[in-house]
Amino acid sequence: MARVASVFPTSISPHICIISSPDLADILSASSLPPLPQILQSFSPLPQVTTRTTSLTPVPLASFALRFSDLGEIEDGCREDEELRAGRTTDWISARISSRCAKWLEDWERMEAATAQNDRATNNVRTPWWNELRQCIQGDHIPSKSEGWNHPVAIVYAVSTMLPNPLQTLAQLHARPLELPSWVDNTHLQYSLIVHPETSSLSDEEANALFNAVKKQYGLHSYLLPLQLPSPPPLPVAVPLAPLRLPPIPKSLLNTPDPSTTGSKSASTSGATSEVNTLRMSEQDIQQTAKFVREFVSMSLVPWMEKCVADWNENFASTRRLPSRLFSSTRRLFGSGTTSPAPQHQPTSTFSPVLSGTRSGSQSSISSISAGGHPPPSQQRRLAEFATLLGDLKLAISVWEALKKDGKGGSEMLPLLLSPSPAVTPHVMHALSTIISPDAESSALAQLRALTYAVLWEASADFLASSLEGDRWLVWAASSAEEPPSALLLAHAAHLSSRKLAHRRAALWYLFAANRLEKSGIKPLTLYFLRKAQGLYNTSPEKNLSPSFWDAEGIEMQASTRFDGILPGLEHALGRLYYTTGEVRRAVQFFLSLLGKPSDPTPPPNDASEVPKDPAMDKVFLDDFRVAFQHLKHTSGKEFHTTDLTLPVAFFNPRLTRVRLPGDTVGGDPVTWQSREESWTSFWKTRGKETLHRTGRATVNEAFWVDLVIHNPFNTEVNLSELTVIVTGLSSGSEWTPELVDVEILDEIILDSKETRTIPMSILARQPMTLQITHVSYMFLSLLPAMEPLVSRGRRLQDTPHQRQNKVYAPDNAIKVEVEDAVQRLSAHFFDDSRLVLYHGECRQMRIWLSNIGTQAIGEIWLVSGEDDEFWVGQPGDQETVEASVVSSETFDSDNSLLPRTPHRILGTSVVENASLAPGADFELPFVLHADKLGEQELCFLFTFREGDGHSFHCVRTARFFEVHPLLSATIAFQPGRTLEHLFTSSLEVRNVAHSTPVVVSQMVTLSPTWSCKSVTSPKRERLLPSQSFQSLIGMNVRDDVPDFSDTVQFVIGKLAHLLKGLPIEESLPSPLNIRSNYIIETSDSCINTTSTMSLLHQNRRNLAARELVVRHPYVAPALHPYIFPLYHPHSLDVLIFWDIPSSGRSGLVLISGANVGAGHGALNAVIREVQELKVKRSMFAETDREKSNVLEAIRASEWNAEMNPVSLTTIEPGVIHHDFSERSCQIPVTFMLRNFSMTHPSKYTLKLASGTTANDPSGTRDLAPPSWIGRLTFRGTLEPMQHVTLTPTLLVTGPDTYALEGWQLEVEVGQRTDQSWRRIYRYLEKPSKAHQPCVTVVAIAPPS
């Protein structure tokens, strides 16, 4: 669809060439007038011109532009090589831009400031540099081989009546051959103009007679122009600026001799080089000239062009009606001319006979100049151009599209004629692709043509339509050319993009334009474009989000989301330009701002070479800043100041800054020390109201440190000098002065790339006071003084509705240190601080040295440890020796509680002989450490102390790191006893897992509330080499004095019932238990009847049980475990292994725990069933219901709800039987032993035997002969708790073989007797196991002879 006829650029207009007599130029010059072409150009464009289409439809044109040129100038221009002329044009435009840009910027920035003050925008105003570029491109009037817009449409032959014989001169001009190349179109209108000055020797009648003679000889295309040309000349009248024309090339560079038209050419040259914006003509002369121009256009030029279009259109239509195959065949057979011959006209008033002779003479002359040259524009292209000029857009579009289809151009005009749509963009891309190669460097001619197309397209009214995005066309036309005109294309594209609010794209194109202009040395425009790019990148895009989003994300609503990858390169270029132009302080500010940008810019894909790359750019920025700063300092002299220079980066993190006191160097995690202090607080809460002065106070005349965490944000090395902290405070006794505090000053530190380091700064106070560390100061690069605050923002407040609806923060977190006198102080240190490596279970003697370094006596000291720490502090009265005779078993009482150990009192008891620790006194604290957990461990002790009753407590910390390596690995397995001697048999396997250390197992002790154990194999002390192991078989029976465990079981049942029902758990503890210990190795001296061993055993058992409960019951708070679960299960069996390493004198003990032996009957099933049947209100949160379900399943699977078949069947194998089958078959009695392992419930049993082979025999016994049972096949009975019975069925054997002792089925009912009745609780069915296959082998013997 075609556009509505609009005003085209002046380059799309008829080109009229004028050749005038020499006297006419002199006459005009004498009247202070320019040459005739410039006078006539002042009357272009003509308003309100009407043309007609080929269908005679009138087309009203609001404006009809004309271009007038001197024919001699055109002839000279055609002699110049096009590539050379394109290069000269580019250089000429660049020179004009370079010389005028400073004034342009001054005026433009003044206009921008004025419009901004008046709240008006300058976006719709063309920039002066774009106007300059557009006028230079549109002013080109030299014909080109690629298009016909500059080819002459008409030639005006002008003479004056001041000549002696004007008619003869006009005849000579008509007879003059045109010195134009062959590729210039020779179809043009010839027009005769007679200028009749008022001072002419001819009267008006004679002038009219001359005019009639000219019309008779040359046709109606003639005109008599009377002019007054008064002298002196009248006042100048403002007229449009003359087109900007490229200065002519020197004659020495022309490839042809200079013709004999020097006068004409000199006139055109002067006219081309002068910029005329006034005309010294009288009003009457102006009217006469305007009348001539209008009559020339309306009476001659337009009708002639309309006739040409009509004739050419008939040829075009006839050609298009022919089949393409016939047309191609005709071209192949007869050849094809590049142009159709011009339509021949009979000699009429329109074309005189002289015209045709002139054309032929011109052609022969040009052919002699450039034989075999480029052909002239085709008639089809001239048709398209003429139709476009006349406004017949429908015809023009069809012809342009046909040209494009034939590969003869036309794509450059279609974007100007078609209505805006996405289909227009492919025409632009095609037009540019024909002249610009993406792989090769574009020639000057190609760049100029692309520039011409861009200027042509930009004149469209719909250039910025969303369907076109014309700003991108300018970027495509600029391609990769680095000349200033191409850079201005990018700049204008950026200007247009900013009008569309595409700020990021506009900034990028401004940056590219600046980089290209900088290479050409045009610094004013480069600076302006860089500043524009910076301003656009710093513009925050509109964010249409809810205000709650910014509050939830913690982002400032006005924060700008920038492309930080481009800003550093942009501002760096700005800084360098400011530095080279003498604005050093501004350059320093820019270089300083660059240091605050991220150091990882991502170069854009289109022009990656123009953006600085990383990580070396950090070093470049720093070096430029250092050079510019030093230059500014040296040149400023006494006026130098840094008040406006602020470092934009921070090296120090206030939130990571810590105060370290002398006692804080012991190590340990802060969370661990906080846990120790909380443990002490909760312990002392029930004993007194005295508070604990936590660590965090410094003392007078003792240095403490401020640990500054410094991070180098740059990818290069940076040095800071004169580093110190700013300390303020208020003395308790006098006014504050800096002399009261000594603060360390570091001369210089050097940070590597991206290095993070902790810098300690020592501070010493000389009086009690409260100090506040507010800032850290330093000299950046030993040049710029900088200061950073060490105060962090307080937490966000959410307590009141106002605080929740607004951003309200608590007061800033300042670093404060209280300094006090050294009154109550205690020093605690380990004797040995070397690397400590222990083996698993090792008991190591250690010592801590405690000293009173205060000025007052200490009367009470407590030791606070962690819940998992296993150690024993010796008392002077403890008996650690072992008697000579060691019994095989013994018992001891356990409180059966999981409560952790409480703080241990050291001073004020029998540990220390004196009741108090005087100032300067010290003592040694010995203790035994048990290494229970593998890996790297840390022993953190907190000592609390005070002067005496009623005084507050102080504390001191000490810590010891150690490693624990594995040594022994032990596993234990249980099975029912196969003899009546033992109820159960356990197999204990111990393996040495150390890498290279042999170990001796000196003793193994079993610990159980129920079971009494005895070794079956009589073991002895075993020496195990690495990876070596041994096994020990242990028999188990119920101890004779087994206690009643009903209280313990009922305690657990009741607590778990409360837990499942959601009732509160009372803080009550389980009943104590009596534990039986049995020594497996009777010849060992190791025993457990020592205070240290019993203490370490209890702590180890408690830690193992606590860890297991956390894993099994993750949804029960660990603080409730001591009030729900006891330390020992009634059926538990632990094995304590003593070991020693004689070569190094090490010893220790390892506890194997977690095994429960014996039958259980689901003691919690009734409680679980009751809870499941309760109608509990469901929670609205699925997580709560899921948590309750997990708690129930964990209790169901716990050892307190164990359930199993209490009756075990053991087959006693007869072995090998020898029998003589010649007399009779063999009958073998087989013994089955049934044993009830339940301690509380009787069981009924039914043993059924099946004779012969059954289909249900286990697959593993099919290779054995099936048994054949005879006699009694069903046995029934009742087993009381812990009772056993022996059954002896008979096996019938008819021949020698190995018979499987199977084919039985055992049914068991577990129940209770109530009022002489039986109540069944559980029922079990047992069959032979596939794992164990008892059998009997019968061997036939020969009968006696």
Side-chain angles (χ1 to χ4, degrees), residues 676 679-680 683 828-832 836 838-850 861-883 890 892-913 923-933 937-944 958-962 964 967 1002-1003 1005 1007 1075 1077 1085-1107 1127-1128 1134 1136-1140 1145-1151 1153:
R676 299 290 187 271
S679 299
W680 168 259
F683 166 74
H829 300 282
F830 282 89
F831 266 77
D832 185 12
L836 180 60
L838 305 177
Y839 285 110
H840 181 218
E842 181 176 354
C843 298
R844 172 64 66 92
Q845 292 281 346
M846 303 186 71
R847 295 177 297 171
I848 296 178
W849 191 261
L850 299 174
I861 302 178
W862 292 78
L863 172 60
V864 185
S865 62
E867 295 182 358
D868 294 342
D869 295 336
E870 298 180 12
F871 64 94
W872 173 78
V873 179
Q875 302 288 341
D878 292 340
Q879 182 67 28
E880 291 295 322
T881 59
V882 181
E883 297 180 359
E890 57 187 4
F892 62 90
D893 293 330
S894 171
D895 59 5
N896 205 22
S897 173
L898 286 172
L899 285 175
R901 65 184 300 164
T902 58
H904 183 77
R905 185 170 183 177
I906 298 174
L907 193 60
T909 62
S910 57
V911 177
V912 184
E913 296 180 358
F923 69 94
E924 177 185 326
L925 177 65
F927 68 96
V928 178
L929 175 64
H930 182 238
D932 177 55
K933 292 190 295 185
Q937 306 296 329
E938 186 176 16
L939 184 65
C940 297
F941 284 164
L942 179 70
F943 291 93
T944 62
T958 184
R960 186 74 164 89
F961 291 90
F962 60 95
V964 180
L967 181 64
S1002 58
Q1003 182 61 277
V1005 182
L1007 306 169
I1075 308 300
S1077 62
D1085 295 335
S1086 301
C1087 63
I1088 65 172
N1089 58 0
T1090 62
T1091 306
S1092 61
T1093 304
M1094 294 299 296
S1095 176
L1096 296 177
L1097 172 63
H1098 177 82
Q1099 296 175 48
N1100 197 359
R1101 184 65 169 84
R1102 184 262 166 197
N1103 290 336
L1104 293 176
R1107 295 169 196 158
L1127 179 61
Y1128 288 96
D1134 299 344
L1136 185 64
I1137 301 175
F1138 290 85
W1139 59 265
D1140 58 73
R1146 297 185 176 189
S1147 62
L1149 50 91
V1150 177
L1151 180 64
S1153 177

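On a predicted model such as this, the values are computed, not experimentally measured, just so you know.
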Row check, Tyr1128 ring normal vs Arg1101 NZ/CZ: under 6.0 Å, within 45°: yes
Step-by-step ring pair (Phe, Tyr, Trp, His ring centres under 6.0 Å) determination, Phe871 to Phe941: CA-CA 11 Å; Phe871 64 94; Phe941 284 164; 5.0 Å; yes
Aromatic ring proximity, centroids under 6.0 angstrom, Trp862 and Phe943: no
Nearest-0.5 Å distance, CG of residue Asp1134 to OG of residue Ser1153: 4.0 Å
Euclidean distance, Leu942 CG relative to Thr958 OG1, rounded to 0.5 Å: 10.5 Å
Shortest non-hydrogen contact from Glu870 toward Leu1096: C-CD2, 4.1 Å
Plane angle bin for Phe683 and Trp680 - parallel if under 30°, tilted between 30 and 60°, otherwise perpendicular: tilted
Whether Asp869 side chain and Ser865 backbone form a donor-acceptor pair below 3.5 Å: no
Ser1077 side chain to Glu890 backbone, donor-acceptor under 3.5 Å: yes
N-O pairing of Asp932 and Arg1107 below 4.0 Å: yes
Ring pair (Phe, Tyr, Trp, His ring centres under 6.0 Å) evaluation trace for Phe831 with Trp849: CA-CA 7 Å; Phe831 266 77; Trp849 191 261; 5.4 Å; yes
Heavy-atom side-chain proximity of Leu1136 to Val1150 below 4.5 angstrom: no
Under 3.5 Å donor-acceptor, Arg676 side chain and Cys940 backbone: yes
Closest non-hydrogen atom pair, Glu938 against Phe961: OE2-CZ, 2.9 Å
Where Gln1003 and Val1005 come nearest, the two heavy atoms and their spacing: CG-CG2, 3.7 Å
Shortest non-hydrogen contact between Val873 and Pro926, atoms and distance: CG1-O, 3.9 Å
Nearest-0.5 Å distance, CG of residue Asn896 to CD1 of residue Ile1075: 6.5 Å
Backbone N/O of Trp872 and side chain of His930: donor-acceptor pair under 3.5 Å: no
Euclidean distance, Arg960 CZ relative to Leu836 CG, rounded to 0.5 Å: 5.0 Å
Donor-acceptor contact present, side-chain Arg1146 to main-chain Trp1139, <3.5 Å: no
Arg1102 side chain vs Leu898 backbone, donor-acceptor pair below 3.5 Å: yes
Presence of salt bridge, Asp868 and Lys933, under 4.0 angstrom: yes
